[in-house]
Amino acid sequence: MIQDYTAYWSKMTVFNATATRKQYWTAYIVNALVIWLYAALTHQTQYLVNGHYEIAGHLSSAIFGLILVLVWLANFTIRARRLHDSNHSNWWLLISMIPIIGTVWLFILLVMPTVVNQRWPLNQSQVQ
């Protein structure tokens with residue numbers, strides 16, 4: 001599990017590989033917990049829960065914003081790798097722009113099993 005999470009961050013800019021379901025969901029769950037914990041400890045939850053997105057000019061807010069940007073980028077690339085693992089193009093990420101149906105469709109694509117003979121033969125852990 002720790003290896004999957006370190007591979008998630010070290011392969012943050014890799015698009016031409018795959019990510020298994022375990023690699024994807026481990027990173028997703030750990031990131032959700034870390035973001036929630038950091039937000040709770042620095043009182044940033046008021047910006048997440050109440051719908052007020054007015055970030056205060058505090059150092060903790062700037063750090064929180066930086067963390068969110070980095071996690072967004074890493075999640076974007078691991079979603080593309082996860083789609084590659086089920087033999088789909090990363091262009092399928094655009095389907096999430098369709099309200100409700102697109103998000104459900106993308107979720108279904110992300111939970112699909114691995115396809116053995118695919119266009120992207122390397123896993124993210126095998127990429128240098």
Side-chain angles (χ1 to χ4, degrees):
M1 186 166 128
I2 294 171
Q3 294 159 341
D4 293 337
Y5 193 66
T6 56
Y8 165 80
W9 284 110
S10 65
K11 307 301 181 189
M12 178 168 142
T13 58
V14 173
F15 278 96
N16 61 347
T18 63
T20 63
R21 282 189 281 195
K22 181 180 176 235
Q23 290 170 328
Y24 175 77
W25 290 108
T26 298
Y28 186 85
I29 291 168
V30 170
N31 281 337
L33 292 173
V34 167
I35 288 172
W36 180 84
L37 184 63
Y38 183 81
L41 291 175
T42 59
H43 304 292
Q44 300 296 317
T45 54
Q46 61 187 336
Y47 303 113
L48 296 174
V49 176
N50 297 336
H52 296 233
Y53 299 108
E54 303 164 4
I55 302 298
H58 303 291
L59 180 62
S60 62
S61 295
I63 292 171
F64 187 60
L66 180 64
I67 289 170
L68 290 178
V69 168
L70 289 174
V71 167
W72 180 85
L73 176 63
N75 278 344
F76 182 76
T77 59
I78 200 168
R79 279 189 195 116
R81 293 191 304 269
R82 179 68 202 117
L83 288 171
H84 290 171
D85 190 55
S86 60
N87 207 25
H88 290 88
S89 170
N90 56 347
W91 286 102
W92 276 100
L93 290 170
L94 296 176
I95 200 162
S96 65
M97 295 172 68
I98 301 171
I100 301 170
I101 295 171
T103 305
V104 171
W105 191 302
L106 182 61
F107 176 77
I108 291 169
L109 290 175
L110 293 173
V111 297
M112 290 181 70
T114 299
V115 174
V116 178
N117 295 323
Q118 56 199 3
R119 296 177 276 181
W120 300 273
L122 294 177
N123 187 289
Q124 69 182 10
S125 58
Q126 299 168 329
V127 175
Q128 297 297 332

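Computation of the quantities below employed the complete heavy-atom set of this structure, encompassing side-chain atoms and omitting hydrogens, waters and symmetry-equivalent molecules. Positions are given from 1, in the same order as the sequence printed here.
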If I take atom [atom1] from residue [X] and atom [atom2] from residue [Y], how far apart are they, to the nearest 0.5 angstrom?
| X | Y | atom1 | atom2 | value |
| --- | --- | --- | --- | --- |
| Arg79 | Asn90 | CZ | CG | 12.5 Å |
| Tyr38 | Ile67 | OH | CD1 | 5.0 Å |
| Thr77 | Arg82 | OG1 | CZ | 14.0 Å |
| Ile78 | Trp9 | CD1 | CH2 | 10.0 Å |

(message) Please check: side-chain N/O of Thr26 versus main-chain N/O of Gln23, any donor-acceptor pairing under 3.5 Å?
(response) no
(request) Could you tell me whether the side chain of Thr18 and the main chain of His84 form a donor-acceptor pair under 3.5 Å? (result)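 Checked: no pair found.
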(message) Within the 4.5 Å heavy-atom criterion, are Tyr8 and Val71 side-chain neighbours or not?
(response)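 Tyr8 reaches Val71 side chain to side chain.
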(request) Using a 4.5 Å cut-off on heavy atoms from C-beta on, say whether the side chain of Trp25 contacts that of Val111. (result) yes
(message) Applying a strict under-4.5 Å side-chain criterion to I, L, V, M, F, W and Y, I'd like to know whether Val30 and Leu66 cluster together.
(response)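 Linked within one cluster.
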(request) Indicate if Tyr24 and Val115 have the same hydrophobic cluster label, given that clusters are the connected sets of ILVMFWY residues with side-chain heavy-atom separations under 4.5 angstrom. (result) no
(message) Does atom CD1 (Ile2) have a neighbourhood of more than 12 heavy atoms from anything else shown, all under 6.0 Å?
(response) no
(request) Identify the two heavy atoms, one from Ala27 and one from Tyr5, that lie closest to each other, and give their separation to 0.1 Å. (result)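 Between these two residues, the closest heavy atoms are CA-CD1, 3.9 Å.
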Only pairs under 3.5 Å count here: list side-chain donor-acceptor contacts from residues 94-109, not counting sequence neighbours, and write none if there are none.
unit_1	atom_1	unit_2	atom_2	d
Ser96	OG	Leu93	O	2.9

(request) Please name all residues satisfying ring pair (Phe, Tyr, Trp, His ring centres under 6.0 Å) with Trp72, sequence neighbours left out, ordered by chain then number. (result) Phe76
(request) Please work out whether the ring planes of Trp92 and His88 are parallel, tilted or perpendicular, with thresholds of 30° and 60°. (result)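 Aromatic pair Trp92/His88 classed perpendicular.
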(message) Going by salt bridge (Lys or Arg N to Asp or Glu O under 4.0 Å), name the pairs with one or both residues in residues 17-41, residues two or more places apart or in two chains.
(response)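 Pairs touching residues 17-41 that pass the test: Asp4-Lys22.
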